[in-house]
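Model, not experiment: these values are computed from the prediction.
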Amino acid sequence: MKRVMIVDAYNQFIRGYIVDPSKSPNGQPIGGMRTFINILNKITREVKPDMVVVIWDGKGGSQKRRAMNKNYKAGRKPLRVNWSTEEMTPQDTDNNKLWQQLRVIEYLNQTPIIQFMEPEVEADDVISYVKSSSMFSGWQKVIVSADKDFIQLLDDKTILHRPIQKEYLNKNAIVEKFGIHPNNFALARAIVGDPSDNLPGVPRVGLETVAKRFPFLREEKTCYLSDIIDECEKAENKQKVFSNIIEEQELVEFNYQIMQLSSPMLSIQAKKRIDETFEEFSPCYNQTEIRKLMISDGVLTVNMQDLEQKFNDIISSFST
């Protein structure tokens with residue numbers, strides 16, 4: 001079975017940007033670029049993919065989700081890094097982060113990695129669409145991200161690699177770990193809410209409570225909010241959690257519409273652009289140019305051994 005590795009790019013880039021204090025000879029922070037390449041090299045060695053797809057969040061985030069909820073992802077605390085920014089203004093820091101991200105994109109443009117970024121669309125929606133693409137029918141899909149949102153996409157041929165947590169999760173592991181099947185994970189999280197995205201849930205209800213009170217969510221059959229409400233309305237279910245969910249069912253339904261990825265929030269035009277990106281993909285690898293770019297940026301202490309081998313393998317597979 002062929003394997004495609006789908007990387008939630010910003011999720012991995014920001015790991016390095018926050019913790020890596022590396023600077024170029026002229027004092028420019030470069031930790032995000034340096035660590036991203038090292039991370040990509042490491043996960044490529046571990047996953048051994050036949051193809052690598054890197055998906056970035058589009059500028060402005062999800063316009064559709066913000067239109068549904070103006071408070072979506074609002075009020076997030078400013079990003080804090082683990083290295084000194086005393087000599088930089090907040091604007092300098094923002095500009096540097098953007099510059100590093102764009103340079104990583106330039107690096108990867110010299111490789112046989114497929115990249116995609118759709119303006120005002122989150123990477124989550126593009127990843128969901130790519131994962132379900134007919135192009136990868138029969139392939140194993142490995143999604144690389146620390147984000148729990150992708151748990152709902154896991155199936156017989158899709159697993160989630162969370163590098164920070166050092167875990168690979170398939171659908172059986174999710175049922176064992178949470179007592180909830182991936183098919184029902186978006187519904188469960190809609191009940192609980194997601195503070196990181198500024199989405200409040202039903203008060204005093206966590207995933208453990210959901211799994212305990214609604215054991216049918218561990219089954220593969222897809223459940224709906226109506227199934228949850230039916231259970232809550234049973235005469236024998238007198239605990240406060242059930243009445244709370246009934247009272248907040250509109251909130252749960254609203255959360256689900258925002259959190260679900262089974263129907264990614266993509267326009268017809270966006271889907272067409274994604275399809276064309278894959279249909280027109282012609283792999284190339286300019287090792288000299290990527291090295292030239294890295295040297296000019298001072299990104300010298302990176303390990304690309306496994307990446308370089310994979311790039312050559314991809315080129316070879318397309319030429320045969």
Side-chain angles (χ1 to χ4, degrees), residues 7-44 54-63 65-66 70-111 113 115-124 127 144-150 161-166 194-199 289-304 307:
V7 182
D8 182 6
Y10 186 76
N11 185 271
Q12 298 305 301
F13 167 81
I14 207 65
R15 288 175 57 195
Y17 178 78
I18 289 173
V19 304
D20 191 334
S22 300
K23 293 186 178 182
S24 67
N26 64 7
Q28 185 88 319
I30 56 173
M33 298 184 292
R34 197 187 74 83
T35 301
F36 183 88
I37 297 300
N38 282 332
I39 289 172
L40 199 58
N41 185 77
K42 182 176 185 292
I43 59 179
T44 297
V54 171
I55 310 294
W56 297 90
D57 289 312
K59 183 179 180 181
S62 177
Q63 183 184 41
R65 288 185 176 85
R66 287 200 313 276
K70 65 180 181 179
N71 296 316
Y72 177 65
K73 292 192 175 181
R76 285 189 168 186
K77 295 180 180 179
L79 189 67
R80 296 184 63 180
V81 297
N82 296 342
W83 40 274
S84 175
T85 59
E86 291 180 359
E87 299 177 359
M88 303 174 68
T89 66
Q91 187 62 52
D92 289 338
T93 303
D94 289 343
N95 289 341
N96 172 264
K97 179 165 71 70
L98 178 59
W99 171 75
Q100 289 196 55
Q101 184 178 343
L102 292 175
R103 289 299 270 180
V104 167
I105 293 171
E106 289 185 54
Y107 294 168
L108 299 187
N109 280 341
Q110 307 302 320
T111 76
I113 283 177
Q115 290 192 95
F116 196 85
M117 178 192 293
E118 178 70 15
E120 298 187 322
V121 170
E122 290 183 331
D124 301 35
I127 289 172
V144 179
S145 178
D147 196 336
K148 287 183 179 178
D149 288 340
F150 295 113
H161 175 34
R162 306 179 75 205
I164 297 176
Q165 294 77 12
K166 298 180 179 179
D194 187 351
S196 67
D197 286 344
N198 203 26
L199 297 175
E289 184 61 24
I290 190 173
R291 285 297 183 185
K292 186 188 300 182
L293 290 170
M294 288 182 176
I295 290 172
S296 69
D297 294 337
V299 182
L300 306 176
T301 55
V302 294
N303 183 352
M304 291 188 63
L307 275 173

* **Min side-chain heavy-atom separation Phe36-Gln100 under 4.5 Å** => no
* Going by heavy atoms in the side chains, are Lys42 and Pro163 under 4.5 Å from each other? -> no
* If you measure from CD on Gln101 to CH2 on Trp56, what distance do you get to the nearest 0.5 Å? -> 5.0 Å
* Asked: Roughly how far, to the nearest 0.5 Å, is CD1 of Ile295 from OG of Ser24?
  -> 13.5 Å
* Are any non-hydrogen side-chain atoms of Met294 and Met33 less than 4.5 angstrom apart? -> no
* Contacts of Val81 that satisfy side chain to side chain contact (heavy atoms under 4.5 Å, CB included) - sequence neighbours left out -> Tyr17, Trp83, Thr85
* To do: Please name all residues satisfying side chain to side chain contact (heavy atoms under 4.5 Å, CB included) with Ser296, sequence neighbours left out, ordered by chain then number.
  => Arg103
* Structure fact -> Between the CH2 atom in Trp99 and the CD atom in Glu106, the distance rounded to the nearest 0.5 Å is 9.5 Å
* Heavy-atom side-chain proximity of Arg65 to Asp197 below 4.5 angstrom -> no
* Closest heavy-atom contact between Ile30 and Gly298? -> CD1-O, 3.2 Å
* Considering residues at least two apart in sequence or located in another chain, which fulfil the side chain to side chain donor-acceptor pair (under 3.5 Å) criterion with Glu289? -> none
* To do: Taking all heavy atoms of Phe150 and all of Ser145, pick out the closest pair and write down the distance.
  => CE1-OG, 3.4 Å
* To do: Kindly indicate whether the side chain of Val7, heavy atoms from C-beta on, has any atom under 4.5 Å from the side chain of Ile43.
  => yes
* Structure fact -> Applied to residues 9-20, the salt bridge (charged side-chain N to carboxylate O under 4.0 Å, His left out) test, sequence neighbours excluded, yields Asp20-Arg34
* Asked: When rounded to the nearest 0.5 angstrom, what distance separates OG1 in Thr301 from CG in Asn38?
  -> 7.0 Å
* Asked: Take atom CD in Gln165; do more than 12 heavy atoms of anything else shown fall under 6.0 Å from it?
  -> yes
* To do: For Lys73, check side chain to side chain donor-acceptor pair (under 3.5 Å) against everything at least two apart and list the hits.
  => Glu122
* Could you tell me the separation between the CD atom of Gln110 and the CG atom of Leu293, rounded to the nearest 0.5 Å? => 6.0 Å
* Can Gln12 and Asp8 be said to form a side chain to side chain donor-acceptor pair (under 3.5 Å), step by step? -> CA-CA 7 Å; Gln12 298 305 301; Asp8 182 6; over 6 Å; no
* Structure fact -> Rounded to the nearest 0.5 Å, the OG1 atom of Thr44 sits from the CD1 atom of Ile113 at a distance of 6.5 Å
* Structure fact -> Sorted by chain and number, sequence neighbours left out, side chain to side chain donor-acceptor pair (under 3.5 Å) with Asn303 holds for none
* Any chance you could lay out the side chain to side chain donor-acceptor pair (under 3.5 Å) test for Thr89 and Asp92, step after step, and finish with the verdict? => CA-CA 5 Å; Thr89 66; Asp92 289 338; 3.1 Å; yes
* Asked: Short question: side chain of Asn41, backbone of Ile37 - any donor-acceptor pair under 3.5 Å?
  -> no
* Asp194 side chain reached by Lys148 side chain, heavy atoms, under 4.5 Å -> no
